[in-house]
Structures are given as C-alpha cells and as structure tokens.
Amino acid sequence: MVAVTRFLARAAQAEPISKLATPVSKLELPTSVKTKDFFRECMRVLPWAVKNYKLEELTSVPELRSTISALFKQHSSIENPQVVDILIYKGREELEMVMLQHKQRHHLIADYIRVPAAVKREAEKRSESDLSPFLEQFYLNKR
Amino acid sequence: MAACDAAGIDIPRFCYHQRLSIAGNCRMCLVEVEKSPKPVASCAMPAGPGMKIKTDTPLVKKAREGVMEFLLINHPLDCPICDQGGECDLQDQAMHFGSDRGRFTEMKRAVDDKNLGPLVKTVMTRCIHCTRCVRFATEIAGVQDMGITGRGRDSEVGTYVDKLLTSELSGNVIDLCPVGALTSKPFAFTARNWELKNTESVDVSDALGANIRIDSRGAEVMRIVPRLNEDVNEEWISDKARFQYDGLKRQRLSVPLVKGKDGGFRNAHWSEALLAIQQALKGVKGNEIKAIAGKLSDAEAMIALKDLMNRLGSGNLQHEAGFSDLDADVRSNYLMNTGISGIEKADAVLLIGSNPRLESPVFNARIRKMWLEGVPVYLIGSQVDLTYAYTYLGNSPEALTKVLKNSDALKRLKEAKRPAVIVGPGVLKRSDRDAVLQQVHGLVEKAEVVKEGWNGYNVLHDAASRVAALDIGFLPSARASAAPPAKFVYLLGSDDWQESDIPEGAFVVYQGHHGDRGASRADVILPAAAYTEKSATFVNTEGRAQRTKEAVPKPGDSREDWQILVALAEVLKQPLPYKTLNAVRERLAEVAPHLQHVDEREAPIWLNGEYFKAFASKAGKAAASNKEFRSSIDNFYMTDVISRSSQVMAKCVQAKGSMRQGSYAS
C-alpha cells in the first residue's frame, strides 16, 4: 500500500492540491510516461478501495480495472500535452478524494460500478433492438 | 340547531347527529332563547318564526363551561394513549369551550370494557353517553345489540348480554363516537391522524362504489374511512370496505413469475415474462384464446384487454361474476334505474333473488330507512334477516309466477305511485336466468313499475367491475359460443372462475395483485396494482363512473393493469393505439361516453318494453326450473382476493362462527 501511505502522508502535510497535481520532477517527462504512471497509480489503489469501501459484494478488482481502463481509453485520441495534463490533474483529484474518504460508498457505486439490474436492462435492450419507447419506459418502470 | 347550521353558526355538540334521531342528552348545544327562562338544548328545540336565538352570550358560555366540566369529571386523562387523540370532539371542544382551570379533586369512575368483536375496540371509561352508537345500531344498522344499562353515574353503554355487534355496518360507530370510547381495533396504536396522508378514493368491495378516504403513511394503507356522498353511501361504509385493507399487505404478487419446466415458479424480468407469453401464443388460433376479467378489474384494463383480444382475433371475453352472457344492448336492463338515492322515493319495494344485506349493506340501510318511513317491502328469495320486516312471498320462480297471477303484493305494487323492483345476482346467476327474467319483465309490465317519470326496474350487482364490463361490452361475442376449447386463457385479476372455464392443458396467464386461486393455476404471473395503488375507473350499480386515486406506491416490480396490457400488445406485435392513461380514457369515452363524466350518473334510457319483447322472442320458451333463489354471497367477509387475504376479515368470520355456536356468550 505504498500509494495509500504516500497519499496520506501528503495529505497530512496539507500540501496545496496544485502542488500535488504537478510534481516538479515529472513535468519534464513525456506525456505517455506521465499517463502510464498515473494509470498504474490508480490500479495500485483498487484492491485497497474495494476492501475499504466494502465493494466486494458488488464488484471485483478485475472488473473495476477494466472499468477504469475504459475510462482512460475514452481519451486515447487526445494528443495535446496540455489537455492530457489537465485530464491527469482531474483524475488525480478524483483519486485523492477516493483515498481520503472524501467520497463515500454510494459515490463509487454510482460512478464506477455497473449495477446488476442496469446490466440486465441493457441486455434486454440489446436483445430487443426495436424496443418501442413505451416498452422501454415500461421495463424501466418509469411513467 | 339545524337553523343555526343553516345560518352558518357552529354550535358545539356531542349527541346530535344529522342522520340519527335526537336524543338531547349531552347538553352541549345549550343556547339562549329570548323569553325562555333558562338555556335550551338547541338540538331538540324546534325553530319558530320570530324566535331570537343567542349563541354567544355570557350565559351560554357559562352553560357550556359547566356542561364541559360535568363531562370531564368522569372522562379519563389518557389523551396521550388514546387513538382518538387529534380528531376527538371532546378534546377540541374542551379547548374551545371548556373552563381554563379544573376544580376536580375526587376519583374518576371506571367502566368495564365491552367486547364488540374483532373490529371495534372499546374503552368504555372514556364514554360520555351520547348514545350515538346506540341510536346508530338500532336505527340505521337495524340490530338491537346496543343499549344503555344502569342509571346516573352507573349508566353504561354496551351490548346487553355480552354479544358481538352483528351488523355489517358496525365500523361506522367508530366514526360516530365523538370520543375515544369506540375506536378501530386493527388501527389501534398504529398511527396518529396528523401523520397520515389522505387520499379520496372509491371502494371496490361491492358494486355500490362507496366513497372512501384512504389514510396512508409511507407505502402502507393505515386505515380507510368513509367520505360523504349523499347520492351513494351517505356517510356509511360497510365493514368489508373499512377493514379489508390489511389484505393489501398479504399474499401480494410483486415480481413477474414464470413457471419452469419442473412446474415451479421462478422470478423473471418483465421482458422474459412477456416473451414467454409470446412464445405460448405461437400457433394458437384466435378463437382458441379466451379472457376472463375479475371482480376488481377497472374499466381501463378491461378496454385494453378487449382491444388486445380483438386484435388477436378472439371475441371470447368473460366476466367472472357469473352471468357472462347477460346482454348489454340496453343499459337500463342491467342498471339500478332509480339510482341509489332515488330508491328512497319509491313507495313499495319488491326484492327478487337478492340479499342486499350481504350484497351491499349500505344500500340495505337505505331500504331500511324507507321501511322505517312505512314503505312496504316484499321479498322473493331466501328468507333471511334483512334488518327490517318484509312480506315473504316464497323462494322460487314458482312464487314469482304466483305473484304474477294475482296477489295482494301485485295489487299493492300496482297501486303504488312509484313501485320499485330490485333484481339481485341471485336471479342473474341462475342457469335459467332468461326464463326467470321473462317473468320479472312480465311483472314489471303488469305492475306498471315503469311509467312516465319513474323507472323502478333495478338491478343490484355484487361486483365492482361488473357494470363497467357491461358498459364497454366486455362480453363473449356471437361466435364465441362455437369456439373450440381454449388453449390460452388470460385471467385479468380473475380468481372466481368456474373449473369449466379453463380447459386442462391450457396456457394460463394471470395478471393481478394477489396470489390466490388464479395465480396458482397460471403459467405466467404478471403483478399488477390494487385499487389503492392506481387511478382507475369503476362504475357502480347505478351507472355512476367514479375514479380511485393512487394512495400508496405499487409494491415491488408491479405495474398498472392497462400498462401491462399495452406492453404485452407491443411484444405481440399488435400495438394498441394508446400509450398514456389519458389516451386509454379517450378510448373508453369512444366506447362508452358516460365513463368520461366521472362522479356523475348517466341515467339510462328506458326502451318502454320494446326490449322486453325482443328479449322474450330471443329467449323463446325456456322453462324456469324450480330451484331456490340464492344470494351470490355466502360469506360477506370474504368475497374477493383482498378480503380473502385479510386477517381482520378472517377474524370476523371466526367471531361470527363462534357466536353462532353459542360459545361467545359467557
């Protein structure tokens, strides 16, 4: 749990977040390296997060990994280093909130975990591609 | 007092009630009348011309304070644990009119609680002897069960010999009681009235369509109380309407269920359940499909089911309340033509094959009211206690023939200016119905029950959905009788179907809210909303369209009935042209325009005997058997899925049974 200890240590020192987001040593590194580093950082936190937030009953570490990597892949086309820097900054902000327990369990469930019922619904949608608006509403129990 | 009420001046009262006789024993309504030496009880004092009544003089104030003090001497200080707290007349009036300090130092008296059965809880120490309950029981309900014993400070209200209250209207004494002496047993200690949400709705336990208020807390119905509607239920409701609500919490269907290969049900998602139905319908011809609607089905669901069935090529529609082939061509033929309140204008009544005490207790109270005013009542049907005296004419079609030939009863009906004939389900459910109805028609013609400005031919139904089914034509089509045995049966909340209705091996879909007989026979179960959980149209026995309102959310994954049918139609690739509740109602209005005019009664047109002629030629010379007339209801407390699932109703049945065996008298 190197990552956790490091983050907690930083938080204890109450460093301003701007400094956290852009460690001077990494500024010079190429974009791809910075991204990979941040990706690994996230992955390292996952087992701890699953345990700490009691997410075992809802998801597993591999499932979360694929969800997170999908989030990274969403932005794979971006090449502008400034934009990448900002994305990493935002990502790290999020990560920090998870690690410092500023986020609560339901936040993680809503943002990173796909609820089984929703998965089922989506499967239904796929099975009936020509679902009418009424049926869609009916299955979702919305009026 | 009536004069003051009309003038908009409120006079405090306990014993006075508009619908009961005047007792004048609480003395709370004392007012000062000019030239009268002492204050007079305004409830018992007739207003005269030029009379000057003063209601806010120091004398009146002092009189009220005094009365209040006397009443409170023997009233316990247990408001915090009293169920009436918050809606108690005594509490309110003590705040308004009572003295601001007490002088009371003595002991209060205590009174034994009485056992009035499983519905009414008694704490007799709280009683202030207004005798409203006693007057209700003797006057309105017509059971001589309650009374006052003892004198002075020893007087007690109770049943004389430790009897239960045997009326089907007994719950109304709870509303009448101005204090907390009589409260609801099932509701006891469950909620306070100020934390309840009130929803104005309509009762479906019988065909009267009594107006009710559903009091709910969160997702739970806590109690049901009557709502004033002079034209339907006045301010009474039957015990079943009031106390069956706990059945809404038991035996509920909350998820779609599909029967697996092993014969057991498994939870399914809606799409799976609807697809299972689609699979089952493959290769089934239109005329092999059948639909049966239940007693509690609403008009919206029935029209959707009818449209869907017609699209699938089936006209085989039935209503479970027995006589599915009663034709609906002429509305006056299946309605209460005088109207429920209009019956009071009648000056002679003949009941045929009906036991209104069980079929509609509140309506029965109206007949009793007429009887008290001197209207003669005749009965052809089973000889039971109807709470009023009647002339018994026999219990078979033969008796009807006899009456028709020449009898006193016929003469009296003929002499009457506004005679009324009430035909009950006991006639309509017979296999030889047509023959009996022909005789009834003959009687109606002969006794001139229908004349200029008066139509006294009445039909009393026993199921809430029955009239709506007839109004929208939820009937077997002409070719349905020639249809082969059904391979697919759709039960819309139907649990009282006949064994012969569902052939063995048929695929059965049950759509409804309770797991009962229908659900146990089904292959696919679709959970739907009960009447407290949806806004739906019901038509009562006089043809008045009324709407329920959603008081509590639907349980689990259930849906409204019409939604389920529209969704099913889409899955079956036979989409119905309406997708919203309003569109369904527009469709209803297309079929039966009067269903649009909610809370109004659309009086039917009488076709002046033309219909009788057509009926006679159609029915031919069917002979009436000599079977006795029987009411369609054996057990008042258990007539539909909700009341059958209700524990309170089960306790009523038990209490009634044990009282009959004599084990109740101690």
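Below, chain A is the first sequence line, B the second, and so on; all start at residue 1.
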Determine whether more than 12 heavy atoms belonging to other residues, nucleotides or ligands lie under 6.0 Å from atom [atom1] of [X].
{"X": "A:Gln82", "atom1": "CD", "value": "no"}
{"X": "B:Lys487", "atom1": "NZ", "value": "no"}
{"X": "A:Glu56", "atom1": "CD", "value": "yes"}
{"X": "A:Ile86", "atom1": "CD1", "value": "no"}
{"X": "A:Lys51", "atom1": "NZ", "value": "no"}

Checklist entry - Considering only heavy atoms, which portion of B:Leu274 lies under 4.5 Å from any heavy atom of chain A: side chain, backbone, both, or neither? => result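 For B:Leu274, the contact with chain A is made by the side chain alone.
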Item to check | B:Ser558, part contacting chain A, at a heavy-atom distance under 4.5 Å | outcome: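 Backbone of B:Ser558 only, per the 4.5 Å heavy-atom cut-off to chain A.
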Item to check | Minimum heavy-atom distance B:His269-A:Tyr139, with the two atoms named | outcome: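 Nearest heavy atoms, B:His269 then A:Tyr139: CE1-O, 4.3 Å.
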Checklist entry - Side chains of A:Phe138 and B:Ile564: does their closest heavy-atom pair fall under 4.5 Å? => result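 Yes, close enough: below the 4.5 Å cut-off.
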Item to check | Gap separating the CD atom of A:Gln137 from the CD atom of B:Gln563, nearest 0.5 angstrom | outcome: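 Taking CD in A:Gln137 and CD in B:Gln563, the distance rounds to 10.0 Å.
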